[in-house]
There are 2 protein chains.
Amino acid sequence: MLEVTPEPLERGRCAEAASDSKIHPMNSHTIKVACSNCNLRELCMPMGLKAEEVDKIDEVVAVRRKVKRGTRLYANGEKFVSLYAIRTGFFKTCITTEDGRNQVTGFQMAGEIIGLDGIVKDLHTCDAVALEDAEVCVMPFDRIEELSRDVAALQRHVHKIMSREIVREHGVMLLLGSMRAEERLAAFLLNLVQRLHARGFSQSELLLRMTREEIGSYLGLKLETVSRTFSKFVEEGIVEVKQRHVRILDTNALKLIVNNNAPPCA
Amino acid sequence: MLEVTPEPLERGRCAEAASDSKIHPMNSHTIKVACSNCNLRELCMPMGLKAEEVDKIDEVVAVRRKVKRGTRLYANGEKFVSLYAIRTGFFKTCITTEDGRNQVTGFQMAGEIIGLDGIVKDLHTCDAVALEDAEVCVMPFDRIEELSRDVAALQRHVHKIMSREIVREHGVMLLLGSMRAEERLAAFLLNLVQRLHARGFSQSELLLRMTREEIGSYLGLKLETVSRTFSKFVEEGIVEVKQRHVRILDTNALKLIVNNNAPPCA
DNA sequence: CGACACCTTGAAGAGGTTCAAGAAATGTGG
DNA sequence: CCACATTTCTTGAACCTCTTCAAGGTGTCG
């Protein structure tokens with residue numbers, strides 16, 4: 001359910017690799033970059049590498065790319081070339097069908113990897129939209145594959161990232177298939193705050209980057225239901241909500257809601 | 001939504017690798033095996049390999065294992081060692097939580113790979129249960145990794161299998177998040193029959209290997225709703241249903257239901 | 001400041017669930 | 001091979017959750 005993080009990072013902002021950045025702009029919004037001194041490396045790089053292996057991995061991340069809020073990092077049908085590691089910002093991924101259905105399949109934050117959907121057909125099968133101004137590391141997939149043939153730790157890391165995504169989606173299926181509205185929203189809030197906390201943010205306070213409609217799409221609910229459920233949580237004193245600002249007052253109450261009001265036996 | 005299959009295979013049953021099988025039983029239900037003359041190789045092996053590469057891959061599949069109906073191939077919490085390629089039979093995968101929730105995350109048939117959930121934590125995070133007597137090829141994952149460092153086509157294949165599973169689950173999220181009962185069941189039937197047809201079975205007739213309750217769990221519905229929806233389809237002349245025997249009379253009607261009654265514009 | 005996107009709340013309605021009973025199939029042991 | 005127990009499936013009726021439709025409020029950005 002969460003990214004494995006040995007210790008919280010400070011604030012999800014990377015110290016710039018000062019010597020490199022902004023010297024060789026590839027185009028209007030791409031710049032060179034190095035992983036080896038990125039604050040997020042514990043999230044998106046394998047641990048315990050030799051120095052020479054770290055250097056090799058630095059070469060994988062060819063460039064960074066800035067993505068303005070509301071614009072797409074990639075879109076359904078586009079050729080798949082690279083995976084992306086999110087440096088800063090917040091994304092949603094969603095699929096849209098010809099008959100007008102739309103489904104948010106996930107929300108992604110700093111240190112998470114997106115683009116895995118494109119590997120199977122060499123085409124992206126969903127859209128990735130920045131919900132706030134963002135910056136990503138562009139990692140050409142053929143170079144990842146090449147390198148992970150040399151560096152077993154990287155190979156293993158790539159496999160784990162993909163497996164983690166599969167397991168995450170199992171959790172979403174459980175949520176969508178078996179939970180009621182309150183349970184879904186409680187699980188959603190707990191998941192978000194947990195991931196934010198792992199990145200050094202508050203355990204109890206969060207700023208929603210997405211609309212009620214996007215939350216609803218992700219949770220299989222209508223935006224009105226999301227809004228009403230928030231209101232209900234407020235009435236019950238579980239959270240404070242001011243638009244997109246949410247403060248969790250009673251984490252345990254949320255956990256009880258998710259766990260069917262059964263106390264955790266483990 | 002489906003396994004990519006160049007051409008239908010005959011009946012999903014493998015010709016035995018006669019010289020090998022049953023000579024060296026590893027234990028009561030494991031036998032040696034070779035991929036190179038398995039009828040399913042187009043489904044679970046990369047295409048266009050050199051002969052020597054095929055030989056290497058043969059070595060990956062250490063043994064086969066028989067799984068009796070109703071028993072588990074692996075279970076939540078067990079150590080992850082191998083992926084499994086299904087030779088014959090039919091599986092469900094499902095997750096169960098401490099508080100008693102249960103969710104079927106997929107149904108798998110011959111030629112499909114299961115066990116990917118275990119990679120991220122070296123532990124299986126779901127159960128795989130045989131819904132009929134089954135046989136699988138056991139593929140130790142460390143050998144897969146080792147070999148895919150040598151054989152780029154295998155590496156790519158493993159990545160595609162994992163990506164395909166991610167994309168499949170996106171489809172399930174769309175189903176669970178945005179479809180009504182009829183739409184879900186129609187999509188489910190179309191998906192099943194399509195995968196069966198790719199394996200040489202009928203386009204219109206299928207034998208459900210799972211109960212109404214299991215279908216319901218997968219589709220986020222109660223078993224009564226599944227039953228009622230089947231009955232509705234029967235009334236409308238779209239399918240014939242005799243217990244687990246289903247004959248699709250009007251594939252197009254099912255497609256229209258899934259597509260929101262909007263004619264396919266593509 | 002005005003336009004627009006987003007959020008909240010109410011009331012009515014639909015779709016799915018729950019509870020219950022009975023029928024059909026399947027498996028078991030004598 | 002048959003009788004019985006068990007599991008699975010179907011169907012009805014009442015209920016509940018979530019959706020739909022509608023209106024008004026709040027916040028944001030040019």
Side-chain angles (χ1 to χ4, degrees), chain A residues 68-71 92 100-104 129 131-133 175-189 207-236 239-246 257 260-261, chain B residues 68-71 92 100-104 129 131-133 175-189 207-236 239-246 257 260-261:
Chain A
K68 275 251 169 294
R69 179 183 162 193
T71 65
K92 71 169 176 181
R101 286 186 211 280
N102 194 34
Q103 175 73 30
V104 172
V129 180
L131 297 181
E132 58 179 351
D133 288 357
L175 181 146
L176 291 172
S178 78
M179 290 190 186
R180 302 186 306 103
E182 295 167 46
E183 298 165 342
R184 295 184 196 191
L185 190 62
F188 171 74
L189 289 174
L207 183 60
L208 300 174
R209 260 48 223 235
M210 68 298 276
T211 67
R212 301 289 189 262
E213 185 168 20
E214 287 163 336
I215 297 173
S217 173
Y218 182 60
L219 299 180
L221 301 170
K222 293 297 162 184
L223 69 95
E224 295 95 329
T225 307
V226 174
S227 179
R228 269 185 255 271
T229 309
F230 267 126
S231 300
K232 190 168 181 229
F233 286 173
V234 171
E235 277 173 40
E236 292 168 346
V239 300
E240 276 176 18
V241 177
K242 276 188 200 136
Q243 298 292 124
R244 300 199 176 179
H245 235 101
V246 176
I257 290 171
N260 252 331
N261 296 312
Chain B
K68 275 249 170 297
R69 179 182 161 193
T71 65
K92 71 168 177 182
R101 284 187 212 281
N102 195 34
Q103 175 72 31
V104 172
V129 180
L131 297 181
E132 58 179 351
D133 289 357
L175 181 147
L176 290 172
S178 78
M179 290 190 186
R180 303 186 307 103
E182 296 166 45
E183 298 165 343
R184 295 183 196 191
L185 190 62
F188 171 73
L189 289 175
L207 184 59
L208 300 173
R209 258 53 220 235
M210 68 297 278
T211 67
R212 302 289 190 262
E213 185 168 20
E214 286 163 338
I215 296 173
S217 172
Y218 182 60
L219 298 180
L221 302 170
K222 293 297 162 185
L223 68 94
E224 294 95 328
T225 307
V226 174
S227 180
R228 269 185 254 272
T229 308
F230 267 126
S231 299
K232 190 168 180 227
F233 286 174
V234 170
E235 277 174 40
E236 292 169 346
V239 299
E240 276 177 17
V241 178
K242 275 187 200 137
Q243 297 292 124
R244 300 198 177 178
H245 236 101
V246 176
I257 290 171
N260 252 331
N261 295 313

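Below, chain A is the first sequence line, B the second, and so on; all start at residue 1. Model, not experiment: these values are computed from the prediction.
Atom pair E213(B):CD and dT18(C):P shows a separation of 12 Å (rounding to whole Å applied). Between L219(A) atom CG and dC18(D) atom P there is a gap of 12 Å when expressed in whole angstrom units. One atom, CZ of R184(B), and another, C1' of dG16(C), lie 10 Å apart when rounded to the nearest Å. Distance H245(B) NE2 to dA25(C) P: 13 Å, rounded to the nearest Å. Spacing between atom CD of Q243(A) and atom C1' of dA5(C) amounts to 11 Å, rounded to whole angstrom units. Regarding E182(B), its CD atom lies at a distance of 12 Å from the C1' atom of dG16(C), rounded to whole Å. The nearest whole Å value for the distance from the CG atom in L208(B) to the C1' atom in dT8(D) is 13 Å. Taking atom CZ of residue R212(B) and atom C1' of nucleotide dT7(D), one finds them 13 Å apart after rounding to whole Å.
Checked against side chain to side chain donor-acceptor pair (under 3.5 Å), D133(A) has no partners two or more places apart in sequence or in another chain. The side chain to side chain donor-acceptor pair (under 3.5 Å) check on K232(A) picks up E182(A), with sequence neighbours excluded. Not a single salt bridge (Lys or Arg N to Asp or Glu O under 4.0 Å) links E213(A) to another residue, sequence neighbours left out. Residues satisfying the side chain to side chain donor-acceptor pair (under 3.5 Å) criterion with R209(A), sequence neighbours excluded, are E132(A).
Using a 4.5 Å heavy-atom threshold, the side chains of I215(A) and L185(A) count as touching. For the pair N260(A)/E183(A), a side-chain contact is recorded, criterion being any heavy-atom separation below 4.5 Å from C-beta on.
Shown here for A187(A) and M179(A), the closest heavy-atom pair between the two residues is CB-SD, 4.3 Å.
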- request: Before giving the answer on side-chain contact (heavy atoms from CB on, under 4.5 Å), spell out for L175(A) and L219(A) the whole-Å C-alpha distance, their side-chain angles and the decisive distance to 0.1 Å.
  value: CA-CA 8 Å; L175(A) 181 146; L219(A) 299 180; 3.8 Å; yes
message: Go through it in stages, so that I can follow the logic: the residues are E214(A) and K92(A), the test is side-chain contact (heavy atoms from CB on, under 4.5 Å), and I'd like the CA-CA distance, side-chain angles, deciding distance and then a yes or no.
response: CA-CA 9 Å; E214(A) 287 163 336; K92(A) 71 169 176 181; 2.9 Å; yes
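Across the helix from dC1(C)-dG30(D) to dG30(C)-dC1(D), the helix axis at one end is tilted relative to the axis at the other end by 50° (nearest 10 degrees, each axis from five pairs).
Checking side-chain atoms of S178(A) against main-chain N and O of R101(B) turns up no donor-acceptor pair under 3.5 Å.
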Kindly list each side-chain donor-acceptor pair under 3.5 angstrom involving residues 223-231 of chain A, sequence neighbours excluded, with atom names and distances?
residue: T229(A); atom: OG1; partner: T225(A); partner atom: O; Å: 2.6
residue: S231(A); atom: OG; partner: S227(A); partner atom: O; Å: 3.1

Nucleotide N/O to protein N/O under 3.5 Å, stretch nucleotides 9-15 of chain C:
residue: dT9(C); atom: OP2; partner: S231(A); partner atom: OG; Å: 2.4
residue: dG10(C); atom: N7; partner: R228(A); partner atom: NH1; Å: 2.8
residue: dG10(C); atom: O6; partner: R228(A); partner atom: NH2; Å: 3.1
residue: dA11(C); atom: N6; partner: R228(A); partner atom: NH2; Å: 3.4

Write out a two-atom table: protein N or O, nucleotide N or O from nucleotides 28-30 of chain D, distance below 3.5 Å.
none

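Backbone-only contact: G220(B) has heavy atoms under 4.0 Å from sugar-phosphate atoms and none from a base.
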